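What follows is one structure encoded as C-alpha cells, with my remarks underneath.
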Amino acid sequence: MHFTVRRAEIADVPVLRALRIEALSNEPEAFGSTLEREVNRTEENWRRWIAPNVTFLLEADGKPRGMVAGVQENEDASTVDLIAMWVHPEARGTGAAALLVAAVRKWAGTIGASQVRLKVTEKNLRARRCYERCGLRLTGRQFVREKDGAIELEMACNV
Ligand SMILES: CC(C)(COP(=O)(O)OP(=O)(O)OC[C@H]1O[C@@H](n2cnc3c(N)ncnc32)[C@H](O)[C@@H]1OP(=O)(O)O)[C@@H](O)C(=O)NCCC(=O)NCCS
C-alpha cells in the first residue's frame, strides 16, 4: 500500500463525514463523540474542521483510509489539540498512523503553537503505544469522559 497524507479541503467534507461515521460505527469507545452527533453535524460545522481547524486525510493507493484533526485552543494559543485520530483496520500496523500525528505536529508549528496535546482512554493500549512511539508522553492529568465515565489520560509533546 502506498500512503499519502494531505490536508482536507472544503470539497472533502463528504469524505471527512464518511470517515467519521465509519470510525464512530466501528470503534465508538475510542472517541468522546457519538455516532448520532457525527451523523447530525451541519455542513457549516464540517467546514470548521477544515478551516480554521485542520484535518488531514490518510489515503492508501488513493482511497481514504484514515484521518486526524487539529484544533488550536481558544484560551491557550500555544496548544493544539489532536483529535479524531482513526486509521482503517486495513492500514493499521503500517506506520501510517505516525504520518498523521506528524502532520498535526508540523501544522502546529506553522501556526506558532509549541505543544500538541490529546486525550486517550486508559484502556486504549494500542493508541497509547502508537502516540508514545510518536513522542507523546503522559502528562499525569486525567479526566472522566462525559459520555460514559471512561478514564481519559492526557498525553502531550513539544512541537
Ligand atoms: C489508534 C490508531 C490510529 C493507531 O494506529 P495503528 O496503525 O493501529 O498504530 P501502530 O500499529 O502504528 O502502533 C500501535 C502500537 O501498539 C502496539 N499494540 C497493538 N496492539 C496492542 C495492544 N493490544 N496493547 C498494547 N500495544 C498494542 C503495536 O505493536 C504498536 O507498537 P509498536 O510500534 O511499538 O510495535 C488505530 O489503531 C485506530 O484507528 N484505532 C481505533 C481508533 C482509536 O483508538 N483512535 C484513537 C483515539 S485517542
Side-chain angles (χ1 to χ4, degrees), residues 1 3-8 16 19-38 41 45-46 48-60 64-159:
M1 270 190 281
F3 294 109
T4 51
V5 170
R6 65 174 180 87
R7 186 171 177 170
L16 167 56
L19 283 171
R20 273 302 271 171
I21 287 174
E22 198 174 358
L24 267 296
S25 302
N26 293 339
E27 269 122 356
E29 70 290 343
F31 304 101
S33 187
T34 60
L35 180 57
E36 192 188 3
R37 186 166 167 217
E38 299 308 309
R41 282 187 198 278
N45 183 286
W46 285 119
R48 283 202 294 275
W49 283 64
I50 288 162
N53 301 323
V54 74
T55 298
F56 291 99
L57 301 177
L58 170 72
E59 292 173 339
R65 281 292 177 263
M67 61 171 291
V68 70
V71 179
Q72 188 171 25
E73 288 194 2
N74 282 333
E75 60 287 357
D76 174 10
S78 70
T79 299
V80 161
D81 291 319
L82 182 154
I83 62 167
M85 172 91 170
W86 186 74
V87 169
H88 189 283
E90 273 177 17
R92 290 184 193 163
T94 63
L99 300 177
L100 289 170
V101 173
V104 172
R105 214 165 166 177
K106 189 168 169 198
W107 175 76
T110 66
I111 61 165
S114 57
Q115 176 181 231
V116 170
R117 198 153 72 178
L118 60 81
K119 287 180 193 163
V120 57
T121 59
E122 146 185 79
K123 292 190 176 148
N124 194 347
L125 298 180
R126 180 163 194 152
R128 284 174 59 182
R129 173 72 198 131
C130 169
Y131 294 139
E132 219 169 64
R133 198 167 25 72
C134 291
L136 288 108
R137 297 289 173 260
L138 291 170
T139 66
R141 293 212 300 168
Q142 60 181 56
F143 305 85
V144 178
R145 190 161 73 182
E146 202 179 320
K147 82 168 181 186
D148 56 7
I151 303 295
E152 292 183 307
L153 309 178
E154 185 179 76
M155 298 182 80
C157 64
N158 292 332
V159 167

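A quick note: this is a predicted structure, and the numbers were derived from the prediction, not measured.
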>> Less than 4.5 Å apart, side chain to side chain, heavy atoms only: is that true for V120 and M155?
In response: yes

Run the side-chain donor-acceptor check on residues 77-84: report pairs under 3.5 Å with partners two or more places apart or on a different chain.
| residue | atom | partner | partner atom | Å |
| --- | --- | --- | --- | --- |
| S78 | OG | D76 | OD1 | 2.6 |
| T79 | OG1 | D76 | OD2 | 2.9 |
| T79 | OG1 | Q115 | NE2 | 3.0 |

>> Please determine whether a side-chain nitrogen of the Lys or Arg among E38 and R20 lies less than 4.0 Å from a carboxylate oxygen of the Asp or Glu.
In response: yes

>> Regarding R92 and E27, does a basic nitrogen lie under 4.0 Å from an acidic carboxylate oxygen?
In response: yes

>> Rounded at 0.5 Å granularity, tell me how far CZ in R133 sits from CZ in R129.
In response: 6.0 Å

>> Would V101 and M85 count as a side-chain contact (heavy atoms from CB on, under 4.5 Å) here? Give the steps.
In response: CA-CA 8 Å; V101 173; M85 172 91 170; 3.8 Å; yes

>> How close do L100 and F56 get, counting heavy atoms only, and between which atoms?
In response: CD2-O, 3.9 Å

> Roughly how far, to the nearest 0.5 Å, is the CG atom of L19 from the CH2 atom of W86?
Replying inline: 6.5 Å

>> Please check if the number of heavy atoms outside R37 that lie under 6.0 Å from its CZ is greater than 12.
In response: no

>> Using side-chain heavy atoms (C-beta onward) and a distance below 4.5 Å, is P64 in contact with L57?
In response: no

> Taking all atoms of both residues into account, what is the closest heavy-atom pair of M1 and A60, and its distance?
Replying inline: SD-CB, 3.8 Å

> Are the side chain of R128 and the backbone of L138 linked by a donor-acceptor contact shorter than 3.5 Å?
Replying inline: no

> Are R65 and E90 close enough, and set up right, to give a salt bridge (charged side-chain N to carboxylate O under 4.0 Å, His left out), and what steps lead you there?
Replying inline: CA-CA 8 Å; R65 281 292 177 263; E90 273 177 17; 3.2 Å; yes

>> Please evaluate residues T55 and N53 with respect to the criterion side-chain contact (heavy atoms from CB on, under 4.5 Å), reporting the C-alpha separation (whole Å), side-chain torsions for both, the decisive distance (0.1 Å), and the verdict.
In response: CA-CA 7 Å; T55 298; N53 301 323; over 6 Å; no

>> If the threshold is 4.0 Å, N to carboxylate O, is there a salt bridge linking E59 and R6?
In response: yes

>> I'd like to know if the side chain of R145 reaches the main chain of F31, judged simply by a donor and an acceptor atom lying under 3.5 Å from each other, with no hydrogens or angles considered.
In response: yes

> Any chance NZ of K123 has more than 12 other-residue heavy atoms, nucleotides or ligands included, within less than 6.0 Å?
Replying inline: no

> Where do R105 and V159 come nearest, in terms of heavy atoms and distance?
Replying inline: O-CG1, 3.5 Å

> Can you name the nearest heavy-atom pair linking A96 to A91, along with the distance?
Replying inline: CB-O, 4.1 Å

> Quick one: OG1 on T139 to CZ on R117, what's the gap to the nearest 0.5 Å?
Replying inline: 7.5 Å

> So how far is it from L136 CG to L153 CG, rounded to the nearest 0.5 Å?
Replying inline: 12.5 Å

> Do K147 side-chain atoms and S33 backbone N/O form a donor-acceptor pair below 3.5 Å?
Replying inline: yes

>> Ignoring hydrogens, what is the shortest heavy-atom contact between V104 and G70? Give both atom names and the distance.
In response: CG1-CA, 4.4 Å

>> Show the nearest heavy-atom pair for residues W107 and P52, with the distance to one decimal.
In response: CZ2-O, 3.9 Å

> Are side-chain heavy atoms of R137 and Y131 found at a separation under 4.5 Å?
Replying inline: no

> About how many Å separate CD of Q142 and OG1 of T121, when rounded to the nearest 0.5 Å?
Replying inline: 12.0 Å

> Say you draw a straight line from CD of E154 to CZ of F143; how long is it, rounded to the nearest 0.5 Å?
Replying inline: 4.5 Å

